Student: 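Okay, here's the structure, questions in a sec.
Everything numeric here is computed off the predicted structure, so don't read it as measured data.
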There are 2 protein chains.
Amino acid sequence: MVKMKHKKIRMTRQRGVILEELRAVKTHPTADEMYEKVKKRIPRISLATVYRNLEVLCGLGVIQKLDITGRQKRFDADTSNHYHIKCIKCGKVDDLYSARPDAIEKAVEDHRGYEVLGHRLEFEGICPKCREAGGKEPDTQ
Amino acid sequence: MVKMKHKKIRMTRQRGVILEELRAVKTHPTADEMYEKVKKRIPRISLATVYRNLEVLCGLGVIQKLDITGRQKRFDADTSNHYHIKCIKCGKVDDLYSARPDAIEKAVEDHRGYEVLGHRLEFEGICPKCREAGGKEPDTQ
DNA sequence: GTAATTGCAAAAATTTTGCAGCATT
DNA sequence: AATGCTGCAAAATTTTTGCAATTAC
């Protein structure tokens with residue numbers, strides 16, 4: 001049974017605001033954090049709607065879900081091929097536009113017989129602020 | 001208030017078997033999958049014990065938690081600096097030992113002021129088997 | 001003997017789903 | 001008017017926690 005998806009996507013106020021708010025931040029919010037943001041503009045919105053829309057927007061390729069563990073999933077309105085670096089102390093996730101993705105992907109391709117569609121390079125380290133602050137316990141995110 | 005951790009780690013049967021079973025596979029099981037494996041050898045073990053031990057073993061650096069999204073977290077007994085590649089169709093996660101981590105990390109370091117402790121490079125693509133099989137729907141993991 | 005660890009059950013946290021009414025096209 | 005979408009509430013999933021009993025050292 002093939003799953004047909006001829007659904008026409010409509011632009012609702014909720015969907016629009018969610019996208020706008022995600023685009024407005026440079027952080028990588030969780031569904032829950034998005035809910036809080038959006039609720040300021042649409043007080044009666046439900047968390048379920050936020051979850052559903054983030055999923056829809058991912059499906060459209062308009063936003064992306066990050067491949068970063070933690071208890072909650074995180075989303076990013078920037079779908080360009082950039083990297084993330086996460087601080088193991090405070091848990092913050094920063095963007096990283098430096099390296100050269102294309103070369104890396106090409107190097108991988110034949111080794112494995114995979115068709116490489118993309119990749120994510122996640123660095124783990126300690127951010128400048130935490131380096132100054134010194135010996136705190138690592139954040140458990 | 002600094003959190004002291006002077007706890008002495010003991011080697012229990014449960015802990016040993018969990019480590020053994022994780023080392024025995026080349027897949028990247030979820031806590032739940034580990035529970036099923038271990039239950040065959042220790043039928044009365046509880047899922048909570050599996051979660052607690054995977055966490056402890058991660059803390060010891062003996063195993064690692066993967067930075068791959070999905071509903072459940074995944075674990076790997078191989079803590080060497082290797083990569084993972086995930087098929088967006090079947091969801092399988094393979095190991096990848098090819099590239100040269102050190103060079104990549106060094107290139108990143110000064111850009112950001114981060115102290116880079118490690119990184120994970122996650123490729124996304126379609127595995128050989130799925131390429132043959134052709135146009136299935138992508139797996140939602 | 002002491003304190004870490006376990007199993008169990010219950011709670012917490014996160015995400016998904018059913019459904020009747022509403023809104024977009 | 002048709003059907004995609006919403007809010008709500010309830011369910012499902014995944015992970016964590018409290019506690020008394022057990023076990024490793």
Student: Verify the contact: side-chain N or O of Lys8(B) to OP1 or OP2 of dT2(C), cut-off strictly under 4.0 Å; return yes or no.
Tutor: no

Student: Among Ile18(A), Leu54(A), Asn53(A), which residue satisfies the side chain to side chain contact (heavy atoms under 4.5 Å, CB included) criterion with Ile63(A)?
Tutor: Leu54(A)

Student: Could you tell me how far apart Lys39(A) (NZ) and dT6(D) (P) are, to the nearest whole angstrom?
Tutor: 17 Å

Student: How long is the line joining CZ of Arg44(B) and P of dT22(D), in whole Å?
Tutor: 11 Å

Student: Do Arg52(B) side-chain and dG7(C) base share a donor-acceptor contact under 3.5 Å?
Tutor: yes

Student: For a quick test of reading the model, state the closest non-hydrogen atom pair linking Cys58(A) to Gln64(A) and the distance between them.
Tutor: SG-C, 4.0 Å

Student: Hey, does the side chain of Glu33(A) reach the backbone of Thr30(A) with a donor-acceptor pair shorter than 3.5 angstrom?
Tutor: yes

Student: For Ile18(B) and dT6(C), what is the distance between atoms CD1 and C1' respectively, to the nearest whole Å?
Tutor: 11 Å

Student: Can you tell me which nucleotide in dG7(C), dT6(D), dT15(C) comes closest to the side chain of Asn53(A)?
Tutor: dT6(D)

Student: In degrees rounded to 10°, what angle is found between the helical axes fit to the five outermost pairs at each end of the helix from dG1(C)-dC25(D) to dT25(C)-dA1(D)?
Tutor: 50°

Student: If I take atom OH in residue Tyr51(A) and atom P in nucleotide dG7(D), what distance separates them, rounded to the nearest angstrom?
Tutor: 15 Å

Student: Can you tell me how far C1' of dT16(D) sits from OH of Tyr35(B), to the nearest Å?
Tutor: 16 Å

Student: Could you state the CD1-P distance from Ile45(A) to dC22(C), rounded to the nearest angstrom?
Tutor: 18 Å

Student: For the side chain of Leu47(A), counting heavy atoms from C-beta on, which of dT17(D), dT15(C), dT6(D) is nearest?
Tutor: dT15(C)

Student: Roughly, in whole Å, what's the span from CG in Leu54(A) to P in dT16(C)?
Tutor: 10 Å

Student: Tell me, with the steps shown, if Glu21(A) and Lys40(A) meet salt bridge (Lys or Arg N to Asp or Glu O under 4.0 Å).
Tutor: CA-CA 11 Å; Glu21(A) 291 293 328; Lys40(A) 285 176 188 150; over 6 Å; no

Student: If you look at every heavy atom in Leu47(A) and Tyr35(A), which pair is closest and at what distance?
Tutor: N-CE1, 3.4 Å

Student: Counting just side-chain N and O atoms, does Ser46(B) come under 4.0 Å of either OP1 or OP2 of dT6(C)?
Tutor: no

Student: Does Glu55(B) come within less than 4.0 Å of Arg52(B), counting only side-chain N to carboxylate O?
Tutor: no

Student: Do any of residues 9-17 of chain A sit with a heavy atom less than 4.0 Å from DNA chain C, and if so which?
Tutor: Arg10(A), Met11(A)

Student: Hydrophobic clustering (ILVMFWY, side-chain heavy atoms < 4.5 Å, transitive) - are Ile45(B) and Met11(B) grouped together?
Tutor: no

Student: What's the closest nucleotide to the side chain of Ala48(A) if the choices are dG7(D), dC8(C), dT17(C)?
Tutor: dT17(C)

Student: Tell me whether Arg15(A) contacts the main-chain N or O of Arg10(A) through its side chain, where contact means a donor paired with an acceptor under 3.5 Å.
Tutor: yes

Student: Whole-Å distance between dA4(C) C1' and Glu55(B) CD?
Tutor: 17 Å

